[in-house]
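Please read all numbers here as calculations on a predicted model, not as lab measurements. Quick note on labels: first sequence line is chain A, next is B, and so on, each numbered from 1.
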Amino acid sequence: MLSMSRSSGHRPFVAVSGGVDSLLALCLLREEGRSPEALHGFFLPPGEREITLRDELASVCSRLGIPLHTYDFSREFHSRVITPFLEQYARGVTPNPCALCNRRIKFGLLLDAARELGGDALATGHYARVTPEPALYRGLDPAKEQSYFLALLTREQIAQAIFPLGTWRKEEAKKALHDRVGPPPASGESQEVCFIPDNDYRRFVREHVEVLPGPGPILDSSGRRLGEHSGLYRYTLGQRRGLGIPYSEPLYVLKKDLENNTLIVGTRDELGARECTVREMNYLLRPQDWPETVFVQGNYRQEPREAVAYLSGDRAEVRFPRPAQPPTPGQVMALYNEDGRVLGGGIISE
RNA sequence: UGGGGUGUAGCCAAGUGGUAAGGCAACGGGUUUUGGUCCCGUGAUUCGGGGGUUCAAAUCCUCCCACCCCAG
């Protein structure tokens with residue numbers, strides 16, 4: 001049976017961001033009779049904004065009678081999340097910093113911190129479920145479920161994870177937190193890339209990467225020149241907006257030819273893909289135990305697609321019965337069984 | 001400077017007397033702990049320019065301009 005949290009974790013630590021979900025996770029654990037403590041890490045160099053948030057968090061924790069431990073992980077966050085993010089864009093692939101952050105920072109550094117404090121588990125406010133096996137499952141709220149972003153967590157990390165909100169619905173969570181502690185310190189925050197305040201990743205990349213490939217041709221699938229692109233890092237597979245090409249119908253990015261600095265575009269019916277390669281496979285279930293048919297997601301909130309996965313070490317070949325939106329290189333591919341269990345995940349290869 | 005054709009928003013384009021469709025692009029918003037996708041919304045007091053006919057013209061007449069094609 002699925003339980004909302006693991007039997008271990010008598011002394012759980014909770015990674016609190018200041019938002020609704022992590023604070024509610026904290027409250028719920030305590031209501032279970034455990035003695036949770038809160039961890040808060042700065043991911044960005046602590047400025048006025050970060051300090052204010054920390055102080056408000058401290059105030060909330062104090063009211064709840066829960067210890068709060070604060071860490072400055074801004075340097076590590078930069079080297080382990082932001083730098084790879086920039087490198088990937090510069091290379092022409094499309095990174096997923098949140099998935100990386102979950103693996104390297106939240107269930108990396110914050111989990112380490114918890115263990116150093118004598119803890120044996122880390123809870124977060126993710127909408128996903130874990131079982132003692134350990135196994136990772138989708139959260140119950142289909143509108144909010146976040147297992148996709150956790151697909152790169154190792155079995156060891158999952159074994160120490162607690163997701164108290166896995167069976168919750170977002171609306172209920174908001175109300176529940178409000179009833180317990182009132183509005184959270186970080187209410188109404190935007191949900192985009194946390195280290196790009198204005199959410200303009202193109203500008204961010206341009207300002208942080210010294211040498212970027214410049215403009216080049218935009219061709220259709222038959223080689224006809226339709227226009228000029230302003231740097232391949234500004235486009236991603238399947239992208240429609242920003243091409244600036246008047247045509248009889250919408251055009252989408254079919255391919256990024258990095259060798260020739262060329263963007264290949266085409267109509268929607270040219271967009272389908274039947275297979276893709278996933279590298280850096282992370283197995284949450286032994287390959288020999290996988291079912292014939294799996295369900296894969298190449299991005300958050302994508303309808304899971306039926307597929308067959310051919311596993312081979314750290315690589316997987318994924319084939320789709322019918323063509324659909326092309327998997328984007330650099331993005332996380334999460335693979336599930338029909339019950340919503342995460343079998344594994346990896347990075348879509350170029 | 002003989003003949004023919006075309007000229008409607010950034011691009012394509014419907015409309016041939018009754019008071020400017022549509023598509024693409026662009027922009028704005030919504031959805032969203034990544035990028036993208038998707039959804040919604042926004043455009044021409046005006047139809048290359050002037051004059052005329054008419055109650056009424058992008059649609060008819062006329063002159064001019066621009067571009068294209070065929071002839072020299």
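A donor-acceptor contact closer than 3.5 angstrom is absent between the side chains of A/Tyr127 and A/Ser147.
Between A/Asn96 atom CG and B/G36 atom P the separation is 12 Å, expressed in whole Å. Rounded to whole angstrom, the span from the CG atom of A/Leu237 across to the P atom of B/U34 amounts to 19 Å. What separates CG of A/Asp141 from P of B/U32 is a distance of 11 Å, to the nearest Å. Taking atom CG of residue A/Leu243 and atom P of nucleotide B/G36, one finds them 12 Å apart after rounding to whole Å. The distance from atom OH of A/Tyr300 to atom P of B/G35 is 12 Å, rounded to the nearest whole Å. The nearest whole Å value for the distance from the CZ atom in A/Arg203 to the P atom in B/G35 is 14 Å. Following rounding to the nearest Å, A/Leu251 (CG) and B/U37 (C1') show an atom-to-atom distance of 15 Å. Atom CZ in A/Phe77 sits roughly 11 Å away from atom C1' in B/U34 (whole-Å rounding).
Salt-bridge formation is detected for the pair A/Arg203/A/Asp198: a Lys NZ or Arg NE/NH1/NH2 atom is positioned less than 4.0 Å from an Asp or Glu carboxylate oxygen.
A/Arg301 has no side-chain polar atom (N or O) that falls below the 4.0 Å cut-off from OP1 or OP2 of B/G35. Side-chain nitrogen and oxygen atoms of A/Asn102 include none within less than 4.0 Å of the OP1 or OP2 phosphate oxygen of B/U34. Contact annotation: A/Arg202 does not reach the phosphate of B/U34 (side-chain N/O to OP1 or OP2, under 4.0 Å). Between A/Arg241 and B/U37 there is no side-chain polar atom (N or O) within less than 4.0 angstrom of OP1 or OP2. Side-chain nitrogen and oxygen atoms of A/Arg240 include at least one within less than 4.0 Å of the OP1 or OP2 phosphate oxygen of B/C24.
As judged by a 4.0 angstrom heavy-atom cut-off over every strand, A/Asn299 is placed among the base-contacting residues. Heavy atoms of A/Leu100 sit nowhere under 4.0 angstrom from any nucleic acid atom. Note on A/Tyr235: nothing from the nucleic acid sits closer than 4.0 angstrom, heavy atoms only. Residue-level contact check: A/Gln302 touches neither bases nor backbone, having no heavy atom under 4.0 Å from any strand. Residue A/Pro250 is classed as a sugar-phosphate contact, given heavy-atom separations below 4.0 Å to backbone atoms only. Nucleic acid contact for A/Thr236: base, since at least one base atom lies under 4.0 Å from a heavy atom of the residue. When heavy atoms are screened at a 4.0 angstrom cut-off, A/Asp200 is found touching no nucleic acid atom at all. As judged by a 4.0 angstrom heavy-atom cut-off over every strand, A/Tyr252 is placed among residues touching the sugar-phosphate backbone only. A/Tyr127 comes within 4.0 angstrom of nothing in the nucleic acid, heavy atoms only.
The side-chain tip of A/Arg54 does not point at the ring of A/Phe42 from less than 6.0 angstrom away and within 45° of straight on.
Around the CD atom of A/Glu31, the shell of radius 6.0 Å holds more than 12 heavy atoms that belong to other residues, nucleotides or ligands. The neighbour count for A/His178 NE2, taken as heavy atoms of other residues, nucleotides or ligands under 6.0 Å away, does not exceed 12.
Side chain A/Glu192 to base B/U32: a donor-acceptor pair is found below 3.5 Å. A donor-acceptor contact under 3.5 Å is formed by the side chain of A/Gln331 with the base of B/U34. With hydrogens and angles ignored, no donor-acceptor pair closer than 3.5 Å exists between the side chain of A/Thr94 and the base of B/G36.
Looking at the side chain of A/Gln239, the nearest of the listed nucleotides B/G36, B/G35, B/C24 is B/G36. Nearest to the side chain of A/Pro246, among B/U34, B/G28, B/C11, sits B/C11. The nucleotide whose nearest atom lies closest to any side-chain atom of A/Arg268 is, among B/C38, B/U34, B/C24, B/C38.
Nearest heavy atom pair, residue A/Leu284 against residue A/Thr154, reads CD2-C, 3.8 Å. Residues A/Ser221 and A/Glu270 come closest through the heavy atom pair OG-OE1, 2.6 Å.
Applying side-chain contact (heavy atoms from CB on, under 4.5 Å) to A/Thr267 and the options A/Asp269, A/Val265, A/Leu271 leaves one that passes, A/Asp269.
Remark: the backbone N or O of A/Gln146 is not paired with any side-chain donor or acceptor of A/Arg138 at under 3.5 angstrom.
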Item to check | Structure string for RNA chain B in dot-bracket form, Watson-Crick and G-U at under 3.5 Å, | interchain | outcome: .(((((((.[[[..)..(...]]].(((((.......))))).....[[[[[..)....]]]]]))))))..
